[in-house]
Amino acid sequence: MREGYEGTGPGAITPDGCAVDLYSRLVAGAEPGIVAAAVPAGATLLELGSGVGRLTLPLSERGLTVTAVDESAEMLARVRERVPGIRTVQSPIETLDLEERFDVVLLASFLVHTGDRAVRDGMLAACRRHVADDGCVLVQREGVDWHTRVPREREDPSGCTVRIASAEPVGGGVNSVVAEYVFPDARWTQTFRSRPLTKGDFEACLDAAGLTVETYLTDDGTWVRARPKHR
């Protein structure tokens, strides 16, 4: 397990505390539509942190050529079950180097907020390393009150109650967040480290990685399209 990360519940748990069986039950929601509307038709897309393929399948069905990257072999096995013939790569995001470029690089699931600055910077460097000069990077970031409006919960279309139970400071501007996922027949928890980023902080992180924000794709500012800065 990564330091500060933990998961409980049935089935395999990944190094960042994600439960494979849980994410196999959750549905994609609006995210595939947001991504597809922001990129060229038929684009090549590098999905960093694909998990079980919750976004991979609907993006592939929309005509994008997706390469799915995850550090968990169990997660990638589920991707291949969902999308036969899909290209998968097992690797931590921050060390990935495929020596190729893509029209689109996708960093979803709030991964840009990871508590470890070195890991975050490595993830953004991987985005810049793999995006074509005329391509784009799509990043999903947290909402402005994500760490202060706790506890809170919502009902997922899959039938799961998703609850953010707590977000407690652990030092250095990082919070330890506890999330609970409750189905009628199963329950999972995930504990993870997250660093809140203001809009200015977020844009500075991208700038340091050689990326610049082009536009905020959603009214709440949680989805962003960035472009590579040309040297």
Side-chain angles (χ1 to χ4, degrees), residues 1-8 13-19 23 31 34 47-51 55 69-72 75 91-96 105-131 137-154 162-181 188-226 229:
M1 300 297 293
R2 292 177 180 254
E3 184 180 357
Y5 292 74
E6 183 182 3
T8 68
I13 305 293
T14 67
D16 60 355
C18 292
Y23 279 91
E31 287 98 336
I34 293 170
E47 184 184 7
L48 301 177
S50 67
L55 299 184
V69 177
D70 204 277
E71 67 179 340
S72 165
M75 288 287 198
S91 172
I93 297 169
E94 62 270 25
T95 59
L96 181 72
V105 178
L106 176 61
L107 186 68
S109 302
F110 315 112
L111 292 172
V112 73
H113 289 273
T114 183
D116 188 320
R117 284 193 180 95
V119 172
R120 178 200 65 206
D121 292 347
M123 288 180 175
L124 291 174
C127 291
R128 179 64 183 89
R129 189 161 55 243
H130 291 93
V131 67
V137 177
L138 301 187
V139 183
Q140 186 182 24
R141 58 189 290 263
E142 296 171 349
V144 293
D145 61 351
W146 202 86
H147 289 258
T148 56
R149 186 169 50 88
V150 289
R152 68 181 184 277
E153 66 179 48
R154 64 175 176 86
V162 180
R163 182 179 300 113
I164 303 300
S166 61
E168 299 295 335
V170 292
V174 176
N175 289 335
S176 177
V177 180
V178 178
E180 301 172 351
Y181 303 86
W188 288 268
T189 70
Q190 182 184 11
T191 301
F192 57 95
R193 299 270 174 99
S194 181
R195 181 183 300 276
L197 298 171
T198 66
K199 182 180 178 182
D201 293 337
F202 170 74
E203 292 185 357
C205 291
L206 265 63
D207 182 74
L211 300 166
T212 186
V213 172
E214 179 185 44
T215 187
Y216 287 82
L217 298 168
T218 52
D219 291 341
D220 61 6
T222 57
W223 279 94
V224 182
R225 184 171 63 209
K229 295 195 299 182

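The basis for the numbers below is simple: all heavy atoms, side chains too, and nothing from hydrogens, waters or symmetry mates. Values in this document were obtained by computation on a predicted structure and should not be read as measured data.
Residues passing the side-chain contact (heavy atoms from CB on, under 4.5 Å) test with T215 are L217, R225, sequence neighbours excluded. Remark: D145 engages R149 in a side-chain hydrogen bond (donor to acceptor under 3.5 Å, both in side chains) (not counting sequence neighbours). Partners of D116 according to the side-chain hydrogen bond (donor to acceptor under 3.5 Å, both in side chains) rule, which considers only residues two or more places apart in sequence or in another chain, do not exist here. Residues satisfying the side-chain hydrogen bond (donor to acceptor under 3.5 Å, both in side chains) test with T114, not counting sequence neighbours, are Y5. Remark: P92 pairs with R2, E71, E94, T95 by the side-chain contact (heavy atoms from CB on, under 4.5 Å) rule, at least two apart or across chains. Take V131 and apply the side-chain contact (heavy atoms from CB on, under 4.5 Å) test, not counting sequence neighbours, and it matches V105, R128, V137, P228. Residues passing the side-chain contact (heavy atoms from CB on, under 4.5 Å) test with T189, sequence neighbours excluded: T8, E180, R187. Annotation: side-chain hydrogen bond (donor to acceptor under 3.5 Å, both in side chains) contacts of E153 (sequence neighbours excluded): R163.
Relative to the ring axis of W146, R152 places its NZ or CZ within 45° and under 6.0 Å from the centre.
The minimum heavy-atom distance linking L206 with A226 is given by the pair CD2-CB, 3.7 Å. Looking at every heavy atom in both residues, G49 comes nearest to I93 through N-CD1, 3.7 Å. A167 and V177 make their closest contact through CB-CG2, 4.1 Å (heavy atoms, listed as atom of the first residue, atom of the second, distance).
Sequence neighbours left out, the pairs with a member in residues 198-210 that pass side-chain hydrogen bond (donor to acceptor under 3.5 Å, both in side chains) are T198-D201, E203-Y216, D207-K229. Within the structure, side-chain hydrogen bond (donor to acceptor under 3.5 Å, both in side chains) pairs that include any residue of residues 164-176 comprise H147-N175 (at least two apart or interchain).
To the nearest 0.5 Å, atom CE of residue M123 and atom CG of residue L107 are 6.5 Å apart. Note: I13 CD1 to C18 SG = 8.5 Å, rounded to the nearest 0.5 Å. Put simply, CZ on F202 and CZ on R141 are 5.5 Å apart, with the number rounded to the nearest 0.5 Å.
Between the side chains of D16 and T14, at least one donor N or O sits under 3.5 Å from an acceptor N or O.
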